[in-house]
**Q** 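The structure is given below, and queries will be raised subsequently.
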Amino acid sequence: MRAKEEIVRMMPGRIGEALQALSPEVWQEAEEIRMRQGQALYLRCGRTCWYVHPQGRVRKTAYGALMVTAGEIQSAVEKMAGYGRFAHIDELRQGYLTLPGGHRVGLSGRAVTEGAKVLDLRQVTGLVIRCAKEVKQCGATVFDQLWEEGELQSTLILSPPGWGKTTLLRDLVRRISNAGLETVVVDERREICPMGPDGRQMDLGIHTDVLEGCPKEKGIWMALRTLGPEVLAVDELAGAGELCAVQNAACCGVRLLCTCHGENLLELAHRTGFAAVLTEGIFRRMVVLGPGHLARVYDEGGRPITNEEERDGL
């Protein structure tokens, strides 16, 4: 299992050994690995917590689990940064690192600041490792509902963190690309389609270009000017600049496939910047993810879209 190999090799000593010994079934379900200084090592599988014990045993109790030390966190961060913090300073300033394979690591610790600007993140005390997965069937039921009269509709995917937005985005990009639409993915954090020595490590389809490591706002403009996209895909849309770039892309006739954090459409409508985007009807389809990756699709007016199987009572 590739995710297991990519993550375990970044882990120090006994933590790496315990994670290596986890069963394939546990790795298949694991969504996050959490390490906090002085606390038990554990996995999140949906809403379930599994504490990791020696020899790769998992339990629902923290008693007897591996306790993470400050030295182990420091060792893991050094490996993740390739023993070169300066090369990853832009990521560290934003509180994350991205591992080969697209696994994103959130960091907590002491921020070094200058006024309102974050210069660095030091004395890291916690790591949240999100396991990137390629699930090629997860977009099957949603895909057909994103079209109207043979035309793909701009779509916004909405959910709280960790509920599968990026996984669904990845599969929808692959399906849209293989349907023949020229697609550009602006992958700022190298999560949607991480690049390895031999090229892409995940399948995004035959008509897809990727701008890796490029800030979303700039990447959208670059794609419009040079790559001729019919569809633009962006993960975790936020901020006035990114929203403005998306609005301008829509005015250029490009279809959009974006994700953002949020629990429901009402909440999103009250967020700064998004109210205008929703009012203008830029997104004709909105996919709201729930527990267990349950997806509900709505039109631009917030009305549920019903697929053919549901109409026929299947």
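As a basis for the values below, the full set of heavy atoms in this structure was taken, side chains included, without hydrogen atoms, waters or symmetry mates. Start at 1 with the first residue, then count along the sequence.
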**Q** Salt bridge check, Asp90 against Arg93: does any charged N sit closer than 4.0 Å to a carboxylate O?
**A**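 Answer for the salt bridge query: yes.
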**Q** By the definition side chain to side chain contact (heavy atoms under 4.5 Å, CB included), identify the one residue from Val297, Leu289, Val142 that meets it with Ile157.
**A**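 Answer to the side chain to side chain contact (heavy atoms under 4.5 Å, CB included) test with Ile157 among Val297, Leu289, Val142: Leu289.
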**Q** Could you pull out the closest heavy-atom pair between Gly56 and Ala21, with the gap in Å?
**A**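 Heavy-atom minimum between the residues: CA-CB, 3.8 Å.
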**Q** Report the distance from atom CG of Leu181 to atom NE2 of His207, rounding to the nearest 0.5 Å.
**A**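 Reported value, rounded in 0.5 Å steps: 8.5 Å.
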**Q** Does any N or O in the side chain of Thr113 come within less than 3.5 Å of the main-chain N or O of Val118, such that one atom is a donor and the other an acceptor?
**A**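 No; zero donor-acceptor contacts below 3.5 Å.
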**Q** Any sub-3.5 Å donor-acceptor pair from Ser177's side-chain atoms to Val173's backbone N or O?
**A**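 The answer is no, because no donor-acceptor pair under 3.5 Å joins these two groups.
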**Q** Counting N and O atoms only, with roles assigned by atom type, does the side chain of Asp187 sit under 3.5 Å from a partner on the main chain of Cys193, one being a donor and the other an acceptor?
**A**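 Yes, Asp187 side chain to Cys193 backbone: donor-acceptor pair under 3.5 Å.
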**Q** When you measure from the side chain of Trp27 to the backbone N and O of Leu19, does any donor-acceptor pair fall under 3.5 Å?
**A**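 Yes; at least one donor-acceptor contact below 3.5 Å.
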**Q** Do Glu134 and Arg174 sit within salt-bridge range, that is, some charged N less than 4.0 Å from a carboxylate O?
**A**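 No.
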**Q** Are Ile282 and Phe274 joined in one hydrophobic group, where the rule is that I, L, V, M, F, W and Y side chains link up if heavy atoms are under 4.5 Å apart?
**A**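 Yes, it is one cluster - the side chains of Ile282 and Phe274 are joined through contacts under 4.5 Å.
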**Q** Checking Asp299 now: which residues fulfil salt bridge (Lys or Arg N to Asp or Glu O under 4.0 Å) with it, not counting sequence neighbours?
**A**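 Partners of Asp299 by the salt bridge (Lys or Arg N to Asp or Glu O under 4.0 Å) criterion, ordered by chain and then number, come out as Arg303.
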**Q** Could you tell me whether Glu263 atom CD has more than 12 heavy atoms of other residues or ligands within 6.0 Å of it?
**A**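 No - once you tally the heavy atoms of other residues, nucleotides and ligands closer than 6.0 Å, there are 12 at most.
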**Q** Just by distance, do the side chain of His103 and the backbone of Cys131 share a donor-acceptor pair under 3.5 Å?
**A**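 Side chain of His103 to backbone of Cys131: no pair is present.
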**Q** Closer than 3.5 angstrom, by distance alone: can the side chain of Glu151 be matched with the main-chain N or O of Trp147 as a donor-acceptor pair?
**A**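 No; judged by distance alone, with no hydrogens or angles, the pair does not exist.
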**Q** Taking 4.0 angstrom as the limit, do Arg104 and Glu236 come out as a salt bridge?
**A**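 Looking at Glu236 together with Arg104, the answer is yes, because their closest N to O distance falls below 4.0 Å.
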**Q** For Leu169 and Ala233, which heavy atoms make the closest approach, and how far apart are they?
**A**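 Heavy atoms only, the tightest pair is CD1-CB, 4.4 Å.
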**Q** Working to the nearest 0.5 Å, report the span between OG1 of Thr69 and CZ of Arg14.
**A**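 Those atoms lie 6.0 Å apart.
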**Q** Is the backbone of Arg255 close enough, under 3.5 Å, to the side chain of Ser154 for a donor and an acceptor to pair up by distance?
**A**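 Here the side-chain-to-backbone pair does not exist.
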**Q** Between Asp171 and Val135, is there a side-chain heavy-atom distance shorter than 4.5 Å?
**A**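 Not in contact.
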**Q** Is there a donor-acceptor pair under 3.5 Å between the side chain of Lys133 and the backbone N or O of Ala3?
**A**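 Looks like no, no N/O pair under 3.5 Å.
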**Q** I'd like to know if Glu148 pairs up with Arg284 as an ion pair, taking the criterion as any Lys NZ or Arg NE/NH1/NH2 lying under 4.0 Å from an Asp or Glu carboxylate oxygen.
**A**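 Salt bridge flag = yes for Arg284 with Glu148.
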**Q** Is Asp203 paired with Lys136 through a side-chain N to carboxylate O contact shorter than 4.0 Å?
**A**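 Asp203 and Lys136: salt-bridged.
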**Q** Can you measure from NE2 (His88) to CG (Leu121) and round to the nearest 0.5 angstrom?
**A**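 Nearest 0.5 Å value for the NE2-CG distance: 14.5 Å.
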**Q** Does any part of the side chain of Glu72, heavy atoms only, come nearer than 4.5 Å to the side chain of Gln74, both counted from C-beta?
**A**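 Heavy-atom side-chain distance check fails, nothing below 4.5 Å.
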**Q** Where the side chain of Ser75 meets the backbone of Gly71, is there a donor-acceptor pair that is under 3.5 Å apart?
**A**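 No, the answer is negative, given that no donor and acceptor are paired below the 3.5 Å cut-off.
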**Q** Over all heavy atoms of both residues, which pair between Ala40 and Ala62 is shortest? Give the atoms and the distance, please.
**A**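 So the two residues come closest at CB-CB, 4.0 Å.
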**Q** Can you confirm whether Leu232 sits close enough to Leu224 that some side-chain heavy atom of one is under 4.5 Å from a side-chain heavy atom of the other?
**A**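 The answer is yes, as the side chains (C-beta and beyond) meet within the 4.5 Å cut-off.
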**Q** Looking only at heavy atoms, which two atoms of Cys138 and Thr167 are closest? And how far apart?
**A**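 Where Cys138 meets Thr167 most closely, the heavy atoms are SG-O, 3.6 Å.
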**Q** Could you tell me whether the side chain of Arg296 reaches within less than 4.5 Å of the side chain of Val287, counting heavy atoms only?
**A**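 In short, these two side chains do not touch, never coming nearer than 4.5 Å.
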**Q** Do the side chains of Ile7 and Ile33 get nearer than 4.5 Å, heavy atoms only?
**A**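 Yes, their side chains come closer than 4.5 Å.
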**Q** Could you tell me if the side chain of Ile305 sits less than 4.5 Å from the side chain of Arg285, heavy atoms only?
**A**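 Yes, their side chains come closer than 4.5 Å.
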**Q** Looking at Arg44 and Glu31, is there a salt bridge between them, counting it only when a charged N and a carboxylate O are closer than 4.0 Å?
**A**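 So Glu31 does not pair with Arg44 through a salt bridge.
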**Q** Do Thr98 side-chain atoms and Arg189 backbone N/O form a donor-acceptor pair below 3.5 Å?
**A**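 Present.
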**Q** Flag the pair Lys165 and Glu191 as a salt bridge only when some basic side-chain nitrogen lies within less than 4.0 angstrom of an acidic carboxylate oxygen.
**A**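 No, Lys165 and Glu191 are not salt-bridged.
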**Q** Going by atom types alone, do Arg36 and Tyr42 pair a side-chain donor with an acceptor below 3.5 Å?
**A**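 The answer is yes; a qualifying pair exists.
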**Q** Can you find a pair of side-chain heavy atoms, one from Ser108 and one from Gln123, that are under 4.5 Å apart?
**A**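 Counting from C-beta outward, Ser108 and Gln123 never come under 4.5 Å.
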**Q** Working to the nearest 0.5 angstrom, can you tell me the gap between Phe143 CZ and Ile176 CD1?
**A**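 Taking CZ in Phe143 and CD1 in Ile176, the distance rounds to 6.0 Å.
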**Q** Working to the nearest 0.5 angstrom, can you tell me the gap between Arg34 CZ and Leu127 CG?
**A**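 Nearest 0.5 Å value for the CZ-CG distance: 10.5 Å.
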**Q** Any side-chain heavy atom of Leu211 sitting closer than 4.5 Å to one from Val185?
**A**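 Not in contact.
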**Q** Look up atom NZ in Lys60 and atom OG1 in Thr48, then write down how far apart they are to the nearest 0.5 Å.
**A**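 If I round to the nearest 0.5 Å, the distance is 5.5 Å.
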